[in-house]
Amino acid sequence: MDINWDQLHEAAKGALKNAYVPYSNFPVGAAALTDKGDVITGSNVENASYGLGLCAECSLVSELFRLGGGKIVAFACVDGHGNALMPCGRCRQLLYEHRAPGMLLATVSGIKTMAEVLPDAFGPEDLEIRK
Ligand code: THU
């Protein structure tokens with residue numbers, strides 16, 4: 001499947017306006033291309049109970065399932081200036097779970113594979129293999 005990185009970047013920037021960030025004032029926008037060909041987005045949603053804040057990737061994964069599920073082919077994430085942002089560690093794990101084979105990410109140091117940003121990851125396969 002062709003990946004239009006400019007479109008993903010723009011979609012991630014567009015998602016910034018939906019961020020709810022009264023505590024950090026650090027909006028994050030995320031966008032992904034799914035294996036169905038949809039472009040989905042997410043933004044961070046914070047909470048007065050600070051530790052409960054949801055990263056942009058969390059709302060993106062919720063959107064994936066709201067639309068019936070699927071796998072992520074390509075992913076991009078931006079900060080409030082529209083610059084590429086690395087998914088936090090927890091969100092790398094979240095993305096790993098829902099990756100399509102060969103999933104790519106736009107990172108601060110170029111296009112990378114999931115294995116490059118989360119090497120030797122623990123995943124659903126381990127639950128079977130290591131039972
Ligand atoms: N944040 C994300 O939404 N995704 C990331 O991968 C990194 C961090 C959010 C969480 C919090 O609302 C704000 O950025 C500051 O940490």
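Remember, it's 1-based here, ligands and their atoms both numbered in the order they're listed.
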Closest non-hydrogen atom pair, D35 against M1:
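Smallest interatomic distance, heavy atoms only, reads O-CE, 3.4 Å.
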Taking everything shown except D2 itself, do over 12 heavy atoms lie less than 6.0 Å from its CG?
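Count not over threshold, so no.
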Taking any residue with a non-hydrogen atom under 4.0 angstrom from an atom of ligand 1, which ones do you get?
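Lining ligand 1: S24, F26, V28, N44, E46, C55, A56, E57, M86, P87, C88.
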Is a donor from one side chain sitting under 3.5 angstrom from an acceptor on the other, for S24 and E46?
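Side-chain D/A pair, S24 to E46: present.
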I'd like to know if the side chain of E97 and the backbone of L94 have a donor-acceptor N/O pair within less than 3.5 Å.
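No, E97 side chain to L94 backbone: no donor-acceptor pair under 3.5 Å.
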Can a donor-acceptor pair be found, under 3.5 Å and without considering hydrogens, that links the side chain of S59 to the backbone of S43?
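Confirmed, S59 side chain pairs with S43 backbone.
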Option passing side chain to side chain contact (heavy atoms under 4.5 Å, CB included) with L95 (candidates L118, V117, I72)
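Result for side chain to side chain contact (heavy atoms under 4.5 Å, CB included) with L95: I72.
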